[in-house]
Trainee: 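Questions regarding the structure given below will be posed in turn.
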Amino acid sequence: MLDWDKVTPAQIMPHSGHMVLLDKIIFCDEMQLQAYAHIDEQHFLLPENAAGLPSYFGAEIMAQGVAAWAGAHWLVCGEPIRLGFLLGTRKLVFRQPEIKIGTQLLVLIKQSWQDDSGMGVFDCELRCRETDEILVSGAMNVYSPTNLSDLARILGKNNE
């Protein structure tokens with residue numbers, strides 16, 4: 001698909017700067033994506049004086065995995081990177097209250113269902129790379145408008 005030694009997560013997602021929470025994409029195909037993310041002392045979402053990242057922020061890391069999967073597909077098809085929206089989650093499980101500083105994460109994303117309107121469901125996991133323990137898991141319900149008029153309506157920029 002793409003050479004992941006040359007393509008960075010920031011190139012395939014509509015995020016920038018500190019909001020890019022994925023470090024490296026290691027695999028992507030028609031149905032799934034695998035990436036790495038690291039939780040360090042300077043992590044953008046880490047609360048001040050915390051010993052770890054609250055596990056609920058894992059949902060945003062998994063959602064970025066979905067965004068990277070979509071962006072990779074748009075890039076391959078010659079389409080611009082589009083905005084996407086996390087509509088909700090199902091079966092979201094936090095197996096511990098926080099992800100310790102220093103944890104190297106494996107982000108696993110697998111498409112469960114997607115339609116032509118831009119709606120989709122992805123089964124996701126965050127695993128500790130050292131132990132392979134599942135830290136956070138769940139299904140992400142997402143929407144990415146397929147045309148600019150739908151996006152303008154969502155953003156309240158209708159000129160009607």
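All values derive from a computational prediction rather than experimental measurement. Counting begins at 1 with the first residue of the sequence.
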Trainee: Do Leu22 and Ile134 share a hydrophobic cluster, counting only Ile, Leu, Val, Met, Phe, Trp and Tyr and linking them when any side-chain heavy atoms are less than 4.5 Å apart?
Mentor: no

Trainee: Is the backbone N or O of Trp4 less than 3.5 Å from a side-chain atom of Lys24, with the two atoms forming a donor-acceptor pair by type?
Mentor: yes

Trainee: State, with a plain yes or no, whether a side-chain heavy atom of Pro97 is found less than 4.5 Å away from one of Pro54.
Mentor: no

Trainee: Check whether Met13 and Ile81 end up in the same hydrophobic cluster, where Ile, Leu, Val, Met, Phe, Trp and Tyr are linked by side-chain heavy atoms less than 4.5 Å apart.
Mentor: no

Trainee: Please answer whether the main-chain N or O of Met140 pairs with a side-chain N or O of Arg90 as donor and acceptor at a distance below 3.5 Å.
Mentor: no

Trainee: Would Val121 and Val142 count as a side-chain contact (heavy atoms from CB on, under 4.5 Å) here? Give the steps.
Mentor: CA-CA 6 Å; Val121 178; Val142 299; over 6 Å; no

Trainee: Please report the interatomic distance CD(Glu79) to NE2(His73), rounded to the nearest 0.5 Å.
Mentor: 11.5 Å

Trainee: Same cluster or not: Phe27 versus Val66, using hydrophobic residues (I, L, V, M, F, W, Y) connected whenever any side-chain heavy atoms lie under 4.5 Å apart?
Mentor: no

Trainee: Hey, are the side chains of Arg127 and Leu108 touching, using non-hydrogen atoms and a 4.5 Å cut-off?
Mentor: yes

Trainee: If I take atom CG from residue Leu135 and atom OG1 from residue Thr103, how far apart are they, to the nearest 0.5 angstrom?
Mentor: 7.0 Å

Trainee: Roughly how far, to the nearest 0.5 Å, is CD of Gln11 from NZ of Lys6?
Mentor: 11.5 Å

Trainee: Tell me, do Gln104 and Tyr36 make a side-chain contact under 4.5 Å, heavy atoms counted?
Mentor: no

Trainee: Would you say Ile39 ends up clustered with Leu106 if hydrophobic residues are merged whenever their side chains have heavy atoms under 4.5 Å apart, either directly or through other cluster members?
Mentor: no

Trainee: Could you tell me if the side chain of Leu87 sits less than 4.5 Å from the side chain of Met119, heavy atoms only?
Mentor: yes

Trainee: Can you tell which of Leu33, Leu2, Val76 makes a side-chain contact (heavy atoms from CB on, under 4.5 Å) with Cys28?
Mentor: Leu33

Trainee: Between Asn141 and Leu86, is any pair of side-chain heavy atoms under 4.5 Å apart?
Mentor: no

Trainee: Is a side-chain N or O of Glu60 found less than 3.5 angstrom from the main chain of Phe57, in a donor-acceptor match?
Mentor: no

Trainee: Determine, using the 4.5 Å side-chain heavy-atom cutoff (strictly less than), whether Ile26 and Met62 are members of one ILVMFWY cluster.
Mentor: no

Trainee: Kindly give the heavy-atom pair with the smallest separation between Leu83 and Ser144, and that separation in Å.
Mentor: O-OG, 2.9 Å

Trainee: State, with a plain yes or no, whether a side-chain heavy atom of His43 is found less than 4.5 Å away from one of His38.
Mentor: no

Trainee: If you define the side chain from C-beta out and look only at heavy atoms, does anything of Val107 sit under 4.5 Å from Ile109?
Mentor: yes

Trainee: Between Arg95 and Ser137, does any side-chain donor sit less than 3.5 Å from a side-chain acceptor?
Mentor: yes

Trainee: So does Met19 get a backbone contact from the side chain of Gln64, meaning a donor-acceptor N/O pair under 3.5 Å?
Mentor: yes

Trainee: Under 6.0 Å from the CG atom of Asp3, do we count more than 12 heavy atoms belonging to anything else shown?
Mentor: yes

Trainee: With a 4.5 Å limit on heavy-atom distance, are the side chains of Phe44 and Leu46 in contact?
Mentor: no

Trainee: Enter the distance from Gln96:CD to Cys128:SG here, rounded to the nearest 0.5 Å.
Mentor: 8.5 Å

Trainee: Run the side-chain contact (heavy atoms from CB on, under 4.5 Å) test on Ile25 and Ile12 for me, step by step, so that the C-alpha distance in whole Å, both residues' side-chain angles and the decisive distance to 0.1 Å come before the verdict.
Mentor: CA-CA 10 Å; Ile25 309 299; Ile12 58 173; 4.2 Å; yes

Trainee: Please name the pair of heavy atoms, one in Asp40 and one in Ile101, separated by the smallest distance, quoted to 0.1 Å.
Mentor: C-CG2, 4.0 Å

Trainee: Measure centre to centre between the rings of Phe122 and Trp69, then say whether the value is under 6.0 Å.
Mentor: yes

Trainee: Tell me whether Asp123 is salt-bridged to Lys110, with the criterion being a basic N under 4.0 Å from an acidic carboxylate O.
Mentor: no

Trainee: For residues Ser117 and Tyr143, report the shortest heavy-atom separation together with the two atoms involved.
Mentor: O-CE1, 3.3 Å

Trainee: Is the CD atom of Glu130 crowded by more than 12 outside heavy atoms at less than 6.0 Å?
Mentor: no

